[in-house]
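Structure record follows, encoded as C-alpha cells.
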Amino acid sequence: MTVKVYSDDAIGSAQAASGSTATVNWNGLKGSTNYEWYALAEDSFAGRTYSDIWSFRTRLTVEAPQGVKVADVTAGSAQLSWSPITASDGSSVTYQVYGSHGTVSTVTGTVYNLTGLEPDTVYTFQVKAVHSSGAESVLSEPVSFKTSIDLPALQNGLQRFIASGKVTHPLAKQLENALSQAESHVQKGQQDQAAKKIEDFIKHLNNKALEELASADARQWMNDKAAALLRVWNR
C-alpha cells in the first residue's frame, strides 16, 4: 500500500506492506515550533484510511554565530566581533570564544577583546552560542589573523626574559642598550639608524662568547621577533 503524509501540505509518501511501518522524512522544520500531521493509507483496491492528527514540538535550536571578524590587531591584542544570535524560542544566548587550546572566555555581548597575545603570531578563533537550557550551536566559521610586531613588543619580551632569569647580565644590559638606542632613533624618525641598532641587538644575542647568558628558547624568540621587526621596516 501507499502511505501519504500531510500537514498543511504534502510531506511525502512511502510504500509499506500491511501491518508494517512506513517512514517519511520531514525536513526544513523550525526549532521550538508546534507541528501537526496525519497519514493517508491507500491500497490497490481503492481502500483509503485516514489516521488521527498527531502533533509534536521541535526541540530548541541555536544557530552558530555569523559574521565573526577581527579588528584593531596590535602586537598583543585584537578585537573579535560577530552578529547577535537569538535562540529558536526567541530568548537571548551567551557566547563562548574558542582558541587553539579550547575555551578562552564566555561573554554576553557580541564583542570580545583579546589580550596577552604574542607578537608576530598567527591566531585562529571561533565562537559558539549557548542557551540557558544548555543547548549549544556548532562552532562558527574560524577567523584567523596575525598579530603585528613593533619595538615595544620586542622590549617587553626582553624584560620578561630578564625577569625570569632566562637572560642575564652582561648580555641583558647589551640587549637593553641596543633596544633603547633603537627607540631613540625611532622617536627622531631615523628608521635606518634604528634598524642598525636592531641588527646590533641580533649580533649581541648570537655572540658565542655570551651564549650561556641566554636560554635557547629566549634566544630563538628574540631572534625571530627582531628579524620580523626588520622585515616590517623593510630591512
Side-chain angles (χ1 to χ4, degrees), residues 1-73 77-115 117 121-147:
M1 69 174 62
T2 300
V3 179
K4 299 178 180 179
V5 181
Y6 297 88
S7 182
D8 294 332
D9 299 304
I11 297 170
S13 62
Q15 297 295 318
S18 178
S20 65
T21 300
T23 301
V24 173
N25 292 324
W26 191 356
N27 300 315
L29 304 182
K30 297 179 180 179
S32 302
T33 303
N34 295 320
Y35 288 92
E36 295 182 340
W37 64 281
Y38 64 94
L40 167 62
E42 298 178 315
D43 61 26
S44 57
F45 303 103
R48 296 162 60 91
T49 302
Y50 286 90
S51 72
D52 294 330
I53 296 176
W54 289 294
S55 65
F56 63 92
R57 183 176 178 84
T58 51
R59 65 181 180 83
L60 180 142
T61 57
V62 183
E63 298 295 324
Q66 301 293 317
V68 181
K69 58 186 179 181
V70 62
D72 299 332
V73 179
S77 64
Q79 185 183 82
L80 290 179
S81 64
W82 52 90
S83 300
I85 292 295
T86 301
S88 59
D89 64 352
S91 62
S92 59
V93 298
T94 57
Y95 303 94
Q96 291 180 345
V97 179
Y98 283 79
S100 302
H101 302 293
T103 307
V104 175
S105 183
T106 299
V107 296
T108 57
T110 57
V111 175
Y112 180 67
N113 292 313
L114 299 161
T115 58
L117 305 181
T121 302
V122 174
Y123 287 91
T124 299
F125 290 93
Q126 294 172 279
V127 182
K128 175 189 289 187
V130 181
H131 187 264
S132 58
S133 66
E136 300 180 348
S137 74
V138 297
L139 287 168
S140 69
E141 289 295 317
V143 59
S144 297
F145 61 92
K146 187 175 184 178
T147 50

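Taking each heavy atom of L60 and S133 in turn, the nearest pair found is CD2-OG, 4.3 Å. Scanning all heavy atoms of the two residues, the minimum distance from S137 to V62 falls at CB-O, 3.2 Å. When all heavy atoms of A16 and A22 are compared, the closest pair comes out as CB-CB, 3.9 Å.
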Audit row: Q96, V104, side-chain contact (heavy atoms from CB on, under 4.5 Å) steps and yes/no: CA-CA 7 Å; Q96 291 180 345; V104 175; over 6 Å; no
Does the side-chain contact (heavy atoms from CB on, under 4.5 Å) test come out yes or no for S105 and Y112, once each step is laid out? CA-CA 9 Å; S105 183; Y112 180 67; 3.4 Å; yes
Applying side-chain contact (heavy atoms from CB on, under 4.5 Å), run through T110 and S81 and close with a yes or a no. CA-CA 5 Å; T110 57; S81 64; 5.9 Å; no
Apply the test side-chain contact (heavy atoms from CB on, under 4.5 Å) to residues L114 and S77: give CA-CA distance (whole Å), side-chain angles for both, the deciding distance (0.1 Å), then the verdict. CA-CA 5 Å; L114 299 161; S77 64; 5.8 Å; no
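W26 has its ring centre less than 6.0 Å from the ring centre of F56. A centroid separation of 6.0 Å or more is found between the aromatic rings of Y6 and W37.
Between the side chains of E36 and S7, not a single donor N or O lies within less than 3.5 Å of an accepting N or O.
For CD of E63, the number of neighbouring non-hydrogen atoms (other residues, nucleotides, ligands) closer than 6.0 Å is 12 at most. Heavy atoms from other residues, nucleotides or ligands lying under 6.0 Å from CD of E141 number 12 at most. Within 6.0 Å of atom CG in N34, more than 12 heavy atoms from other residues, nucleotides or ligands are found, so the atom counts as buried in its surroundings.
The backbone N or O of V111 lies less than 3.5 Å from no partner atom in the side chain of Y95, so there is not a single donor-acceptor pair. Using a distance-only test at 3.5 Å, with no hydrogens or angles considered, a donor-acceptor pair links the side chain of S140 to the main chain of V127.
No side-chain heavy atom of V107 sits less than 4.5 Å from a side-chain heavy atom of T94. Between E42 and K4, some side-chain heavy-atom pair lies under the 4.5 Å cut-off. Here the side chains of F145 and T121 are not in contact, with every heavy-atom distance at 4.5 Å or above.
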